Structures are given as C-alpha cells and as structure tokens.
There are 2 protein chains.
Amino acid sequence: MPGPRKWRHRHQRYFERWTAPRESILDLLSRTSKHMSAKEIYAILYRLSPGIGLTTIYRTLDLLVKMGLINKFTIGDGQSRYEFQHEDKKGHHHHVICSKCGKIIDYSDFLEDELELVHKTEKHLSQKYNFKVLGHNIEFYGLCEKCQ
Amino acid sequence: MPGPRKWRHRHQRYFERWTAPRESILDLLSRTSKHMSAKEIYAILYRLSPGIGLTTIYRTLDLLVKMGLINKFTIGDGQSRYEFQHEDKKGHHHHVICSKCGKIIDYSDFLEDELELVHKTEKHLSQKYNFKVLGHNIEFYGLCEKCQ
DNA sequence: ATTGATAATGAAAACCATTTTCAATAACAA
DNA sequence: TTGTTATTGAAAATGGTTTTCATTATCAAT
Ligand SMILES: [Mn+2]
Ligand SMILES: [Mn+2]
Ligand SMILES: [Zn+2]
Ligand SMILES: [Zn+2]
C-alpha cells in the first residue's frame, strides 16, 4: 500500500475528504488487471484492515465511477464488476466473456478499424436521434478454452 | 392474442407441454419492439389473466432464452430486459442507451462495416485464445435528446 | 498541536430482483 | 375420459445493493 495520499489530488470536486478506504480501494484496482466485484474487493481489503465495511466499498466504488477513475460493468453473473480506467488511450480495450465460467479476456486489437466504425456510428446517431454519445461497449461472448 | 398454439411447434425438445403462459409471454414479446423487464411483462399479462404468477414469467423467460427465441440483456437499471429475436438477419441490431432515463434506441446502420470488423475479431480471438465466439454485443451510451 | 464542524464510516436493517419450495393444477398421451 | 406428471402460483428464501443512523475521523481554523 502506498502513502495514503497517492490519489488525493485527483478530482477533489467530488469529495471533501480523502480517506483510507478510498485510497485502498482505488489502489487495489489500479494494481490489478482483474475485473473485481464489491465482495471480492471487500474480501481482500478485509484481510489488510478488518475494520472496513462492505457498505463503504459500495459507496466508494460509486464515487470512483462518478469520478471517472474506474469503470463499472456486468458480465451477467448477478453482480457488478469494476476495473481501473487507465488514462492513456492505450488502455482502451474490450472484453471477451466466457458464458460458462465467467472468465474475462481483455483485448485491444483492431482498435483503428473499430475507432473508425465507432466514430462513424456516433456521428450518425447524433444526427439521426440527436443523441449525445458518451461511450461504447463492445463485447464478445462464448466459450473459453477450458469450457468448450 | 392468437390461438394458443401459434408457437408450439418450435423447439419442442426444450419442453414437454406448451402452456397458456408460455404462449402469451412469447406472443407479447413478438408483438412489441420494447425491451421489457419481467415485472413489466407481468403487469401487462396480469390485466389479461390475473391468475398468472411472476414466478412463471421468470421461468418462461429463462426457457425462451434457452430456446433462442428471445434475448436477455441489461441496461444497468438493476433488472434484466428481454426482446424478441427475429429470425431473419435483418433483425440484427444494436442499442443506444440513455444513461439517465434508460431509453433504448435500436439501430442497424453500418452493419456491413460492423460485420467485417466482427468477423475479423472473432477469427483473431479464436486463434489467439482458442475462444469459441458465440455472439457479440455492441452498445453506445450517453444522453438522449430529452436528457441532455 | 488542538479543536470543532461535519463528511465519511460501519453495523444492522431494509430493499428489491430473482430463485427456490411445495402443494395444487392442467396438458396431453393413452 | 383418465392418469401421469410437467407446470404453475403463492409464499418464503436468497443475495446483491442501498438506506439508516449513531459513531468516528478528516482537515480547516485556531
Ligand atoms: Mn477489462
Ligand atoms: Mn433491441
Ligand atoms: Zn470458461
Ligand atoms: Zn434519456
């Protein structure tokens, strides 16, 4: 765990106080490439500091999503999952999800082709429906090596 | 409401008996372009026949998803949504979702470009990860005309 | 460093979509 | 028409997430 202030300077308009749970949750997500649920995050942080509460995990995850520091998504297993949002464009990726075991693979191939299609579509949607596009999701699902 | 046997002939390997609830749920979804939740379906069918139970709605939706007659998906409002799966390829479409009010727009533009990218990606994923791709989701989110 | 206002926390309860249980019902083959 | 049993619906259970509220801890002002 880094010093308790590593992330403090970012987006202070979203909060008044930067606390230990906020630091540790964001730190955990920033260090893993896993796509974690609130419960999984809680299980790990509870070991480090058993005083932490699951409620705080949920509240903090909401906050971090609003701040744009993490992404929230679902893979259909009944719980929300979260991943760190890397600043650089190189972090942009999509998901391949195994419908059976829930395994998630990040991939970021054909980003140029994808970007072209996405831009074209966004332009089209804003013109046709006056819809303001803020983001997109592209995911493939099927069976992973083990499950098929 | 059509005769109680309109859908009966399809995929009989998935069930033993074709019942009134199954017929009415599939019939409802086949007639609407809305993306309905179990509760919404229940509310409508309850007016027609108050004997129906929400449990049966859920069970039947599961069955119809397994049969491939409907699609299940989520827009992040905490409940699953379902839509009829049209047989023809022309029914293929994606979703534009308003993050504020939950409005869903179906669109199916640039399908050729998209299909090309999707095929290329699927081939790549199956080679690189030995992943068997069974489907994909592409969705845009943002703010609809009213909400922005 | 100390203090005070109050934002943030955590335990417990509430909420709510979905699933399970189980006795009653109804589809349909015989 | 009848008997088997798949299916149903009400009620209870489940499980992820949110709300409540008294306590705690951050941090600006001293
Ligand atoms: Mn990812
Ligand atoms: Mn649709
Ligand atoms: Zn798998
Ligand atoms: Zn809207």
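None of these values were measured; they are calculated from a predicted model. First the proteins, then the strands, lettered A, B, ... as listed; each starts at 1.
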Ring centroid separation A:His95 to A:Phe73 under 6.0 Å: yes
Contact state string [nucleotides 14-19 of chain D, B base, S sugar-phosphate only, - no protein heavy atom under 4.0 Å]: --SBBB
Euclidean distance, atom CD of residue A:Glu16 to atom C1' of C:dG4 [Å, nearest integer]: 16 Å
Test of ring centre spacing under 6.0 Å for A:His124 and B:Phe110: yes
Side-chain donor/acceptor of B:Arg17 to base of D:dA6, under 3.5 Å: yes
Distance in angstrom units between B:Glu40 CD and C:dC16 C1', rounded: 15 Å
Value in whole Å for how far the C1' atom of D:dT5 lies from CZ of B:Phe15: 16 Å
is_close_aromatic(A:His136, A:His92), centroid dist under 6.0 Å: yes
Backbone of B:Lys132 reached by a side-chain donor or acceptor of A:Gln148 within 3.5 Å: yes
Short side-chain donor-acceptor distance under 3.5 Å, A:Glu139 and A:His94: no
Gap between atoms CD1 and C1', on B:Ile25 and D:dT7 respectively (whole Å): 12 Å
Among C:dA7, D:dT26, D:dG9, the one nearest A:Thr19 by side-chain distance: D:dT26
Whole-Å distance separating the CD1 atom of B:Ile41 from the C1' atom of C:dA17: 14 Å
Ring pair (Phe, Tyr, Trp, His ring centres under 6.0 Å) partners of B:Tyr42, counting only residues at least two apart: B:Tyr46
Angle by which the axis turns from one end of the helix from C:dA1-D:dT30 to C:dA30-D:dT1 to the other, five pairs per end, to 10 degrees: 40°
Spacing between A:Leu45 atom CG and C:dT9 atom P, to the nearest angstrom: 13 Å
OP1 or OP2 of C:dA27 under 4.0 Å from side-chain N/O of B:Arg22: no
Backbone N/O of B:Lys123 and side chain of B:Ser126: donor-acceptor pair under 3.5 Å: yes
A:Trp18 CH2 - D:dC27 P separation (whole Å): 10 Å
Sidechain-backbone polar pair: B:Ser37 side chain, B:Glu40 backbone, donor-acceptor under 3.5 Å: yes
Nearest-Å distance for atom pair CD1/P, residues B:Ile52 and D:dT8: 9 Å
Test item: side-chain donor near acceptor, B:His93 and B:Glu83, under 3.5 Å: yes
